[in-house]
S.K.: 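First the structure, then my questions, so here it is.
The structure displayed is predicted, hence computed values, not measured ones. Quick note on labels: first sequence line is chain A, next is B, and so on, each numbered from 1.
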Number of protein chains: 2
Amino acid sequence: MTGMNLVGPEADALDLGAVFRALADEHRRSVMTELAVDRSDSERGCNSFDLPISKQTQTHHFRVLREAGLIDEIDYGNRKGIRLRRADIEKRFPGLLALLGAESPGGTAPR
Amino acid sequence: MTGMNLVGPEADALDLGAVFRALADEHRRSVMTELAVDRSDSERGCNSFDLPISKQTQTHHFRVLREAGLIDEIDYGNRKGIRLRRADIEKRFPGLLALLGAESPGGTAPR
DNA sequence: CTTCAGGTACGACTTGCATCGTACCTGAAG
DNA sequence: CTTCAGGTACGATGCAAGTCGTACCTGAAG
């Protein structure tokens with residue numbers, strides 16, 4: 001089976017409190033900002049975001065993002081994929097990703 | 001002197017991280033939700049939000065909201081006023097207040 | 001003046017959370 | 001098989017933050 005065994009809440013069950021708590025951390029927010037800017041929404045590797053923290057801590061952060069419903073984690077056994085749940089987020093919290101994208105250091109305005 | 005000696009950051013200096021950290025707390029978020037829904041943006045008393053916490057803790061939460069740039073606190077000496085910084089927030093983080101307003105228990109949609 | 005309610009300052013306590021060390025699992029490559 | 005890199009599980013640690021107790025200040029009302 002190819003992945004997706006790690007699941008978060010349904011689109012309608014996304015909790016704004018959990019989302020804000022997830023985005024309160026600088027590292028998690030930088031991940032979400034990168035994802036928000038990349039309009040291709042392609043699956044990304046966990047270490048494509050170079051976070052200055054240990055891999056155990058990265059595991060923790062990605063879990064928080066998944067449990068908040070912001071990303072999907074695709075488990076391949078010895079490798080993991082990350083994908084932004086853009087449609088679900090836009091449906092439940094329209095404009096949130098734009099706020100994150102506007103914070104992109106490259107000045108990558110959503111237009 | 002009529003108030004406003006308590007000041008937060010300038011409109012352009014609002015930090016998304018500080019805002020998310022402020023909104024991560026349930027009590028602070030409930031205050032902001034109430035403020036976001038009330039389009040009159042009139043000055044409100046501190047205990048017009050009935051929070052199930054002591055007054056010292058309320059002082060703490062309002063301070064966090066002010067330092068995040070979300071509200072103004074008007075000091076009258078023995079009384080205090082609270083006012084939402086709607087224009088500044090909308091300018092810097094357009095759509096944020098709509099997200100909060102949509103969480104209002106009364107189903108008070110922003111329009 | 002005294003009384004009283006609203007608010008703050010300081011400190012203590014407790015919980016939550018970010019972080020990492022150690023150990024272990026998984027799958028791919030030799 | 002062994003080796004190795006990516007990832008997880010569990011536990012410990014350190015720090016930030018939410019909460020409240022006590023004491024004090026401020027202004028209004030008697």
S.K.: With side chain to side chain donor-acceptor pair (under 3.5 Å) as the criterion, how do A/Thr57 and A/Ser54 come out once you've worked through the C-alpha distance, each side chain's angles and the decisive distance to 0.1 Å?
M.R.: CA-CA 5 Å; A/Thr57 305; A/Ser54 69; 3.1 Å; yes

S.K.: Grab the CG-C1' distance between B/Asn78 and C/dA9 for me, whole Å please.
M.R.: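 Atom-to-atom, B/Asn78 to C/dA9, this comes out as 17 Å.
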
S.K.: Roughly how far, to the nearest 0.5 Å, is OG of A/Ser42 from CG of A/Leu35?
M.R.: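 Going from the CG atom of A/Leu35 to the OG atom of A/Ser42 covers 9.0 Å.
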
S.K.: Return the nucleotide paired to C/dC25: Watson-Crick means purine N1 to pyrimidine N3 with N6-O4 or O6-N4, wobble means G-U with N1-O2 and O6-N3, both under 3.5 Å.
M.R.: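 C/dC25 is paired, partner D/dG6.
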
S.K.: Return the pairing partner of C/dT14 with a 3.5 Å limit on both distances, Watson-Crick or G-U wobble; otherwise return none.
M.R.: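 For C/dT14, the partner nucleotide comes out as D/dA17, under the 3.5 Å rule.
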
S.K.: Can you check whether A/His61 has a side-chain N or O nearer than 4.0 Å to OP1 or OP2 of C/dT19?
M.R.: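 So the side-chain polar atoms of A/His61 do come within 4.0 Å of the phosphate oxygens OP1 or OP2 of C/dT19, strictly under.
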
S.K.: If the cut-off is 4.0 Å, is A/Arg63 near the phosphate of D/dT8, judged by side-chain N/O to OP1 or OP2?
M.R.: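 It does not, given that no N or O in the side chain of A/Arg63 lies less than 4.0 Å from OP1 or OP2 of D/dT8.
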
S.K.: Expressed as a whole number of angstroms, how long is the span from A/Ile82:CD1 to D/dG7:C1'?
M.R.: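 Checked: the CD1 to C1' distance equals 11 Å.
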
S.K.: Does a sphere of radius 6.0 Å around CD in A/Glu90 hold more than 12 heavy atoms from other residues, nucleotides or ligands, not counting ones at 6.0 Å or beyond?
M.R.: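 Yes, because the 6.0 Å sphere around CD of A/Glu90 holds more than 12 heavy atoms from other groups.
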
S.K.: Taking the nucleotide of DNA chain C with the nearest heavy atom to each, does B/Asn47 or A/Arg21 sit closer to the 5' end?
M.R.: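 The residue whose closest nucleotide sits nearer the 5' end is B/Asn47.
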
S.K.: It should be established whether A/Arg28 places a side-chain nitrogen or oxygen under 4.0 Å from OP1 or OP2 of nucleotide C/dA18.
M.R.: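 It does, given that an N or O in the side chain of A/Arg28 lies less than 4.0 Å from OP1 or OP2 of C/dA18.
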
S.K.: Ignoring hydrogens and angles, are the base of D/dG7 and the side chain of A/Gln56 linked by a donor-acceptor pair under 3.5 Å?
M.R.: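 Side chain to base: no pair present.
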
S.K.: Side chain of A/Asp25 only, heavy atoms from C-beta on: which candidate in D/dG18, D/dG7, C/dA18 is closest?
M.R.: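 The answer is C/dA18, which lies nearest to the side chain.
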
S.K.: What is the distance, rounded to the nearest whole Å, between atom CG of B/Leu65 and atom P of D/dA17?
M.R.: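 Rounding to the nearest Å, CG of B/Leu65 and P of D/dA17 are 14 Å apart.
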
S.K.: Can you find a donor-acceptor N/O pair under 3.5 angstrom joining the side chain of A/Lys80 to the base of D/dG6?
M.R.: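 Between D/dG6 and A/Lys80, which were checked side chain against base, a qualifying N/O pair under 3.5 Å is absent.
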
S.K.: Between D/dT19 and B/Ser54, is there an OP1 or OP2 to side-chain N/O distance shorter than 4.0 Å?
M.R.: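 B/Ser54 to D/dT19 OP1/OP2: no side-chain N or O under 4.0 Å.
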
S.K.: It should be established whether A/His27 places a side-chain nitrogen or oxygen under 4.0 Å from OP1 or OP2 of nucleotide C/dT19.
M.R.: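 Yes, within the criterion.
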
S.K.: Any side-chain N or O of A/Thr59 less than 4.0 Å from the OP1 or OP2 oxygen of D/dG7?
M.R.: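 Answer no for this pair, as no side-chain N or O of A/Thr59 is under 4.0 Å from OP1 or OP2.
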
